[in-house]
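Reckoned from all heavy atoms, side chains included, excluding hydrogens, waters and symmetry mates.
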Amino acid sequence: MIGGRLKILIAHILGAYIILLIAAYFFSDYVIFFPPRIRYQDTANFLKLTTADGETIFAIYLPNKKAKYTILVSHGNAEDLGTMLPFLLAMHDHGFSVFSYDYHGYGLSSGKPTEQNTYLDINAAYDYLTKNLHIAPENIVSYGHSLGGAVALDLAVREPVGKVILQGAFVTAFRVMTRIPIIPFDKYNNLKKITQLKCPLLIIHGTVDGIIPFWHGQKLYAKANEPKQFYQVENAGHNDVLMIAEEKYWKAINDFSGAGYETKKVSNI
């Protein structure tokens, strides 16, 4: 009797695990990507870049004549250039040139968001920076928040950049949900890639992040090579780091980048 019940239990567990594997393989993109309602209109302020697969993605460039560094911003999930614009303007006002873009299927960009397609998106942005705007790779800071952290990191291990900033980044996509690696495949394996990073790194993470818990940032930092810095923002969650840290946030970024710019208050952020 006990043996029979045990076999039934094992069969149920195996069945549930197989269903989990199938769902992770075929439907994970529907969980990972959340394009928001479009928050901007097509104007002359936006650039249109063509990706390697022929899709058109929207981008914006905010030059700053006084800036040494151009920050290439890869935004998080459920964001687009419209929602990001106040932050991009604040970053510009704090001493940087800024370039940001939308992924496949986000904002006004065409196509479907997938892991590989986000890499094509940042490739198009990087190529525009280096080939069209003639910005030296060593003067590019690859910055990514949340999902964007995975994209920013992937670029930095493939192409030369000056520095990397990861905010609210995860170790892998699936482990945001499972914590431990229970699936034999995964997406956005930041924990593996960060060991390949050879340029200076700054990790920013809120200590009470309820979406991507604080331990993700800690594990990434532990695996990363020197030189590296960790800025933990006390009592900050996933999307309120800047609101909590205020000018300390900009000071951390400026100190890390060596921009030598005196930070100032931006009232609308």
So which of [options] actually passes side-chain contact (heavy atoms from CB on, under 4.5 Å) with [X]?
X	options	answer
L47	Y128, Y101, F58	Y128
V141	T70, I71, L202	I71
M84	M91, H75, H145	H75

Closest heavy-atom contact between [X] and [Y]?
X	Y	answer
S74	I122	OG-CD1, 3.4 Å
I140	L72	CG2-CB, 4.2 Å
A169	L166	CB-CB, 4.1 Å
K187	I32	CD-CD1, 3.8 Å

**Prompt:** Given N239 and I211, is the side-chain contact (heavy atoms from CB on, under 4.5 Å) satisfied, shown in steps?
**Reply:** CA-CA 9 Å; N239 295 313; I211 296 177; 4.1 Å; yes

Can a donor-acceptor pair be found, under 3.5 Å and without considering hydrogens, that links the side chain of [X] to the backbone of [Y]?
X	Y	result
D80	T83	yes
K163	F256	yes
S146	G148	no
T130	H134	no
N139	G162	no
S142	A156	no
D240	M243	no
H92	S97	no
N190	F170	yes

What pairs with [X] under side chain to side chain donor-acceptor pair (under 3.5 Å), at least two apart in sequence or on another chain?
X	answer
Y103	none
Q41	none
Y143	Q167, Y249

**Asked** Residues two or more places apart in sequence or in another chain: which of them pass salt bridge (Lys or Arg N to Asp or Glu O under 4.0 Å) with D154?
**Response**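 So D154 forms a salt bridge (Lys or Arg N to Asp or Glu O under 4.0 Å) with R158, K193.
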
Have [X] and [Y] got a donor and an acceptor in their side chains that come within less than 3.5 Å?
X	Y	result
H94	N254	no
Y106	N77	yes
S110	H104	no

**Message:** Measuring centre to centre across the rings, with the benzene-like ring taken for any Trp, is F230 within less than 6.0 Å of F214?
**Reply:**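 Ring-ring flag for F230/F214: true, centres closer than 6.0 Å.
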
**Asked** Does Y40 have any ring-ring contact (aromatic ring centres under 6.0 Å, His included) partners at least two apart in sequence or in another chain, and if so, which?
**Response**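 Y40: ring-ring contact (aromatic ring centres under 6.0 Å, His included) contacts with F46.
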
I'd like a table of donor-acceptor pairs (distance under 3.5 Å, sequence neighbours excluded) in which one partner is a side-chain atom from residues 219-226, with atom names and distances.
| unit_1 | atom_1 | unit_2 | atom_2 | d |
| --- | --- | --- | --- | --- |
| N225 | ND2 | T195 | O | 2.9 |
| N225 | ND2 | L197 | O | 3.0 |
| E226 | OE1 | K228 | N | 3.3 |

**Prompt:** Do the ring planes of Y188 and Y119 sit parallel (below 30°), tilted (30 to 60°) or perpendicular (above 60°)?
**Reply:**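 If you compare the ring of Y188 with that of Y119, the planes turn out perpendicular.
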
**Message:** Taking the basic N atoms (NZ, or NE/NH1/NH2) and the acidic carboxylate oxygens, is any pair closer than 4.0 Å for D42 and K48?
**Reply:**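 Answer for the salt bridge query: yes.
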
**Prompt:** Distance from Y231 atom OH to I253 atom CD1, nearest 0.5 Å?
**Reply:**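 The distance works out to 9.0 Å.
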
**Request:** Could you grab the distance from atom CG of D102 to atom OG of S109, nearest 0.5 Å is fine?
**Result:**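 Between atom CG of D102 and atom OG of S109 there are 4.5 Å.
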
